[in-house]
Amino acid sequence: MSFCDLTGKVALVTGGSRGLGRQDCMTLAALGADVVVTDILIESDPELEKAVEQSESILANVMQSQGAIYTEKTVADIIAMGRKASAYKMDVTNREQVAEVIGKVMAEYGHIDILINNAATLDHVGPIERQQDNLWDRDLKVNLSGAFNVTKAVFPHMKANNFGRIIFMASVAGTLGGFGQSSYSTTKAGVIGLGKTMALEGGRYGITSNIIAPGVIGTEAFQMGNPEMNERIVKRTVFRKPGEPEDISNTIAFLCSNEAKYITGQVIHVAGGIDLFTF
């Protein structure tokens, strides 16, 4: 058995259509896992435009207009690697839909070993007096309640199997705060609390739960950001450059492996030292 071998495991990734979610899917598959790719956006969905509109996401609108949604493509790429993969449309804020999808996954695969709570919004920026009430509510529903909804639906199946690996995607904004990011920072701080609680509740059933706190990572969302602001943030890192999506997915893969079986309830900063005092 090779290091970080995930052969025989079934991983479910939320928000897997692009960016970090897509990279997580590809890395887990490369290490042997079968992967269920879920997202509110599916290329062939006849109601794709409606789903984008309902998401209230600027990034989703841009990605849809540019044809940069890769849920089904990710599945095809994983199948080409010799692994099993499926795409499911899933709105993490819709509890009935979440329960329905998890039921279908269990029927198709028989077990869910790995859950990556990646789905999130990151397009609501401004000081608190300019934070929009509807987007505050949306961010809470997607970033925090969404992770709760999916975890709650998957957790009983992991308990029954006496095994599980749960990863919550937080952010350095959740550990350090983020100017102009009151909704995002608040939800990511909440995700940390949820992840630690799942570590406590899952330990007796062979379930680990850990939290990744990324810094600035060179995804599509970063490339679309304000260049001047991006440069300022990058200069706060020790390496003076953004991280790569693989830096996140490789950390996740390790935490999902047998080699990390005694690591749980931890917040892992993958942030290039942005949380250090740099000058």
Side-chain angles (χ1 to χ4, degrees), residues 1-39 70-88 90 101-102 104-119 147 150-151 153-170 195 198-199 202-203 205-212 214 217 243-268 270:
M1 182 180 293
S2 60
F3 188 75
C4 290
D5 185 5
L6 300 177
T7 301
K9 304 302 183 187
V10 175
L12 187 149
V13 180
T14 69
S17 69
R18 60 188 183 275
L20 295 181
R22 170 173 159 79
Q23 184 59 52
D24 293 344
C25 293
M26 298 305 296
T27 297
L28 294 171
L31 291 170
D34 295 331
V35 183
V36 179
V37 187
T38 74
D39 203 282
Y70 305 116
T71 310
E72 291 167 327
K73 182 181 187 306
T74 301
V75 167
D77 289 345
I78 292 171
I79 292 174
M81 295 165 59
R83 306 308 313 159
K84 183 177 180 179
S86 306
Y88 283 95
M90 186 170 76
V101 169
I102 298 306
K104 290 180 178 179
V105 172
M106 287 298 298
E108 181 179 359
Y109 289 85
H111 52 104
I112 300 172
D113 306 291
I114 296 168
L115 169 61
I116 313 299
N117 283 304
N118 174 74
V150 181
T151 302
V154 171
F155 201 74
H157 300 294
M158 289 184 169
K159 284 177 64 176
N161 200 33
N162 281 304
F163 181 88
R165 300 286 184 265
I166 306 176
I167 302 295
F168 292 87
M169 293 299 295
M198 290 304 98
Y205 303 96
I207 302 169
T208 67
S209 172
N210 289 289
I211 307 101
I212 304 291
I217 308 295
E244 300 175 356
E246 292 87 346
D247 296 322
I248 303 298
S249 64
N250 289 340
T251 305
I252 287 174
F254 169 68
L255 292 171
C256 292
S257 72
N258 190 58
E259 283 77 8
K261 66 182 184 297
Y262 204 60
I263 301 173
T264 195
Q266 301 306 300
V267 181
I268 312 297
V270 187

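Every heavy atom of this structure was used, including side-chain atoms; hydrogens, water molecules and symmetry mates were not. Note that the numbering runs from 1 along the sequence shown for the chain.
Across every non-hydrogen atom of K9 and I114, the tightest pair is CB-CD1, 4.1 Å. The minimum heavy-atom distance between S209 and G195, with the atom names listed, is OG-O, 2.7 Å. Scanning both residues, A260 and F254, for their nearest heavy atoms gives CB-O, 3.1 Å. Nearest heavy atom pair, residue A253 against residue T27, reads CB-CG2, 4.1 Å. Closest heavy-atom contact between N118 and G21: ND2-CA, 3.3 Å. The two residues A85 and Y109 come nearest to each other via the heavy atoms C-OH, 3.4 Å.
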Item to check | Stepwise side-chain contact (heavy atoms from CB on, under 4.5 Å) check, L31 with D5 | outcome: CA-CA 6 Å; L31 291 170; D5 185 5; 5.9 Å; no
Next on the checklist: With side-chain contact (heavy atoms from CB on, under 4.5 Å) as the criterion, how do K84 and I79 come out once you've worked through the C-alpha distance, each side chain's angles and the decisive distance to 0.1 Å?
Outcome noted: CA-CA 6 Å; K84 183 177 180 179; I79 292 174; over 6 Å; no
Next on the checklist: As a quick check of understanding, evaluate side-chain contact (heavy atoms from CB on, under 4.5 Å) for V37 and E72, giving each step before the final call.
Outcome noted: CA-CA 8 Å; V37 187; E72 291 167 327; over 6 Å; no
Checklist entry - Step by step, would you call T74 with S17 a side-chain contact (heavy atoms from CB on, under 4.5 Å)? => result CA-CA 7 Å; T74 301; S17 69; over 6 Å; no
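In this structure, CG in N161 is found 9.0 Å from CD1 in I207, a value given to the nearest 0.5 Å. Note that CD of E244 and CD1 of I217 are 9.0 Å apart. Values are rounded to the nearest 0.5 Å. Taking CD1 from I116 and CG from L12, the interatomic distance works out to 9.0 Å, rounded to the nearest 0.5 Å. Summarising the geometry, atom OG1 belonging to T71 is positioned 8.0 Å from atom CZ belonging to R18; distances are rounded to the nearest 0.5 Å. Atom-to-atom distance recorded for F3:CZ and N258:CG is 10.0 Å, nearest 0.5 angstrom. Here OG1 of T151 is found 5.0 Å from CG of L115. Values are rounded to the nearest 0.5 Å.
In this structure, R22 forms a cation-pi arrangement with Y70, its terminal cationic atom sitting closer than 6.0 Å to the ring centre and no more than 45° off the ring axis. Cation-pi geometry between K104 and Y88 is not met at under 6.0 angstrom from the ring centre and within 45 degrees of the axis.
The main-chain N or O of G265 is found under 3.5 Å from a side-chain atom of N210 such that the two form a donor-acceptor pair. Judged by distance alone, the side chain of D34 and the main-chain N or O of V10 form no donor-acceptor pair under 3.5 Å. Side chain of N250 to backbone of E246: a donor-acceptor contact under 3.5 angstrom is found. With hydrogens and angles ignored, the 3.5 Å screen pairs a side-chain donor or acceptor of D39 with a backbone N or O of G16.
You'll find the side chain of I212 reaches within 4.5 Å of the side chain of I252, heavy atoms only. Taking the side chain as every heavy atom from C-beta outward, M26 and S249 never approach each other to under 4.5 Å. A heavy-atom distance below 4.5 Å is found between the side chains of L28 and V13.
Applying the side-chain contact (heavy atoms from CB on, under 4.5 Å) criterion to A29, with sequence neighbours excluded, gives V35, I78, M81, R83. Qualifying side chain to side chain donor-acceptor pair (under 3.5 Å) partners for R165, counting only residues two or more places apart in sequence or in other chains: none.
Looking at E108 and S86, their side chains do bring a donor and an acceptor atom within 3.5 Å of each other. Side-chain atoms of T264 and T208 include no donor-acceptor pair closer than 3.5 Å.
When V36, V150, V101 are each tested for a side chain to side chain contact (heavy atoms under 4.5 Å, CB included) with T14, only one passes: V150.
A 6.0 Å sphere centred on OH of Y205 holds no more than 12 heavy atoms belonging to other residues, nucleotides or ligands.
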